[in-house]
There are 2 protein chains.
Amino acid sequence: MNNQFEHINNSHQKIVEVARELFMEMGYRAVSTRKIAEICGITQPTLYHHFKNKKALYVEVLKSELLKMQTALREIIKKHGNDIEECLFQVTYHILMNKPSSMGQMFHDIEKELGEEDKKEIDKWWIESYQLPIASIFEKGIKEGQIRNPIEFGSYPIPSAYLLLNLISSNYRDVQLQEHIAKEQARFYTNVLLYGLAPLR
Amino acid sequence: MNNQFEHINNSHQKIVEVARELFMEMGYRAVSTRKIAEICGITQPTLYHHFKNKKALYVEVLKSELLKMQTALREIIKKHGNDIEECLFQVTYHILMNKPSSMGQMFHDIEKELGEEDKKEIDKWWIESYQLPIASIFEKGIKEGQIRNPIEFGSYPIPSAYLLLNLISSNYRDVQLQEHIAKEQARFYTNVLLYGLAPLR
DNA sequence: TTATGATTTTATCAGTTGATAGGTTTCTGT
DNA sequence: ACAGAAACCTATCAACTGATAAAATCATAA
């Protein structure tokens, strides 16, 4: 019934969706406001009715991206929280399949293209979406003795989380992973992370 | 005596150096030919006397960057080749300290901004500079029983090399690492890579 | 000295970019 | 039906981009 509201949401949401696809694929600089508008089927100045400027649109894209990941990771951790190996595998697999094609590019854009205030806000969202959920897995693992003693090995939850995230988020080829290959890769990552490449002595 | 030759080299080399710093820090798109020229102390059209176009300059920057890394890694491997743990640590530490501040951005630029023929050439150089040297460490480790059986664990040399490279090359913060922090991080990476986060049973 | 070629400069172009002003259409609540 | 707001459009701007043409400077070899 509230056609106005739906209409706003439709345009707004479509712009964010299109922008996310382009920004994450090509990077902030390589995507023009005209290209976004064209794909949305609107004219370029209309974008500026929905968003203050290009940066604001990018920030909104990042927020929606991070929020989606936060929801998904919490779900996975709730489901497999009792089995740390399976939990890490599922998290790794999910990120591999659903992350932006080039997270390195995304981090670079956040660092170089946004202002201080935006950066801080995105940082907050990033921590809640990626860092805390994954660190919580390792924290539980340490408590239950499935992860080495951090004091001896340096395996504190947050550094461990970043180690896993670095492992996942970088990819020297930007290829989109196929399902079974991503599963294989996630399994390899998880195995190495937990048990290492050296044979048991 | 050959003043002409020196002069060419001076300009040429200075342009490449300045361009490398800017390209690696800001990314291909964010660096204008005018900015490079300004820092070099020359006018922008002069760049086009030394390089066919912006892309050609970027390719040259990448080549010099990769060549430097190739030389360094071969040196390290020759020196510590008999001790796989120390060798991996030294390689990890060296890359952490000397890599471009954002390798993710670099990969993205290679993938999206270069043509097919340039991409293939850079790929060749990349393999010789990073992939083969690091894979050779794991290959030796497998032969000598310091790395698990690849058939059982999936720890083939090249996937293992990429695992380590992914670990190193990504950094969600683009901060320049300080020496002792990089050493600590390299040690942590090497330890996890070889022995895993799970305690020995 | 002088001719030649390498190097660099000035002037300029055409295309793209993010952004704004001002008018027009569309929708909504009364 | 109508007032007001929201959504969208046309036209346009100033800045910046990579690139080229043509002239000027410079070093070098004869």
Side-chain angles (χ1 to χ4, degrees), chain A residues 1-20 22-23 25-62 105 108-110 112-115 117-118, chain B residues 1-20 22-23 25-62 105 108-110 112-115 117-118:
Chain A
M1 59 183 79
N2 196 338
N3 234 348
Q4 182 202 356
F5 187 65
E6 280 182 11
H7 199 226
I8 290 178
N9 260 10
N10 279 345
S11 259
H12 199 89
Q13 210 168 325
K14 172 140 196 181
I15 293 171
V16 172
E17 270 171 36
V18 168
R20 184 179 60 218
L22 292 177
F23 279 141
E25 170 86 19
M26 321 271 296
Y28 181 75
R29 291 241 174 186
V31 176
S32 71
T33 53
R34 278 171 178 82
K35 188 72 188 170
I36 298 171
E38 185 196 335
I39 297 182
C40 290
I42 58 179
T43 59
Q44 181 244 6
T46 300
L47 286 184
Y48 288 82
H49 180 260
H50 293 276
F51 301 91
K52 190 190 155 202
N53 50 33
K54 192 184 175 186
K55 262 182 215 175
L57 172 55
Y58 187 61
V59 170
E60 183 112 349
V61 164
L62 288 175
Q105 168 74 5
H108 187 271
D109 286 337
I110 293 172
K112 303 288 178 185
E113 309 285 358
L114 298 184
E117 68 292 357
D118 285 332
Chain B
M1 54 186 85
N2 197 336
N3 232 347
Q4 183 201 355
F5 187 65
E6 281 182 9
H7 199 226
I8 292 177
N9 260 9
N10 279 346
S11 259
H12 199 88
Q13 210 168 323
K14 172 139 196 182
I15 292 172
V16 172
E17 271 171 35
V18 168
R20 183 179 61 217
L22 292 177
F23 280 141
E25 170 85 21
M26 322 271 296
Y28 180 77
R29 291 240 175 187
V31 177
S32 71
T33 54
R34 279 170 178 81
K35 187 74 188 169
I36 298 171
E38 185 196 335
I39 297 181
C40 290
I42 58 180
T43 59
Q44 180 243 7
T46 301
L47 287 184
Y48 288 82
H49 180 260
H50 294 275
F51 300 91
K52 189 190 156 202
N53 50 32
K54 194 185 173 185
K55 262 183 215 175
L57 172 56
Y58 187 62
V59 169
E60 182 112 349
V61 164
L62 288 175
Q105 168 74 7
H108 187 270
D109 285 338
I110 293 172
K112 303 287 177 185
E113 310 285 355
L114 298 184
E117 68 290 0
D118 285 332

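First the proteins, then the strands, lettered A, B, ... as listed; each starts at 1. Note that the structure is predicted; figures quoted are calculated from it, not measured.
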> Among A:Lys55, A:Arg29, A:Lys54, which one satisfies salt bridge (charged side-chain N to carboxylate O under 4.0 Å, His left out) with A:Glu113?
Replying inline: A:Arg29
> Sequence neighbours excluded, which residues qualify as salt bridge (Lys or Arg N to Asp or Glu O under 4.0 Å) partners of A:Glu60?
Replying inline: none
> What's the verdict on side-chain contact (heavy atoms from CB on, under 4.5 Å) for B:Ile15 and B:Thr46, showing C-alpha distance, side-chain angles and the deciding distance?
Replying inline: CA-CA 10 Å; B:Ile15 292 172; B:Thr46 301; 5.7 Å; no
>> Tell me the interatomic distance from B:Phe23, atom CZ, to D:dG18, atom C1', rounded to whole angstroms.
In response: 12 Å
> Do any side-chain nitrogens or oxygens of B:His49 fall under 4.0 Å of OP1 or OP2 in D:dT20?
Replying inline: no
> Could you state the CZ-C1' distance from B:Phe51 to D:dG18, rounded to the nearest angstrom?
Replying inline: 16 Å
>> Counting primed atoms plus P, OP1 and OP2 as sugar-phosphate and everything else as base, spell out the protein contacts along nucleotides 10-20 of chain C at 4.0 Å heavy-atom distance: B, S or - for each nucleotide, 5' to 3'.
In response: BBB----BBBB
> Could you give the CD-to-C1' distance, from B:Glu38 to D:dC16, as a whole number of Å?
Replying inline: 14 Å
> Between the side chain of B:Asp109 and the main-chain N/O of B:Tyr28, is any donor-acceptor distance below 3.5 Å?
Replying inline: yes
> Would one find a side-chain N or O of B:His50 under 4.0 angstrom from OP1 or OP2 of C:dT8?
Replying inline: yes
> Taking CD1 from B:Ile36 and C1' from D:dA19, how many angstroms apart are they, rounded to a whole number?
Replying inline: 14 Å
>> Between C1' on D:dA24 and CD1 on B:Ile42, what's the gap in Å once rounded to a whole number?
In response: 17 Å
> Ignoring hydrogens and geometry, is there a side-chain-to-backbone donor-acceptor pair from B:His50 to B:Leu57 under 3.5 Å?
Replying inline: no
> So, do B:His12 and B:Phe51 have ring centers that fall under 6.0 Å from each other?
Replying inline: yes
> CG of B:Leu47 versus P of D:dT17: gap in Å, rounded?
Replying inline: 13 Å
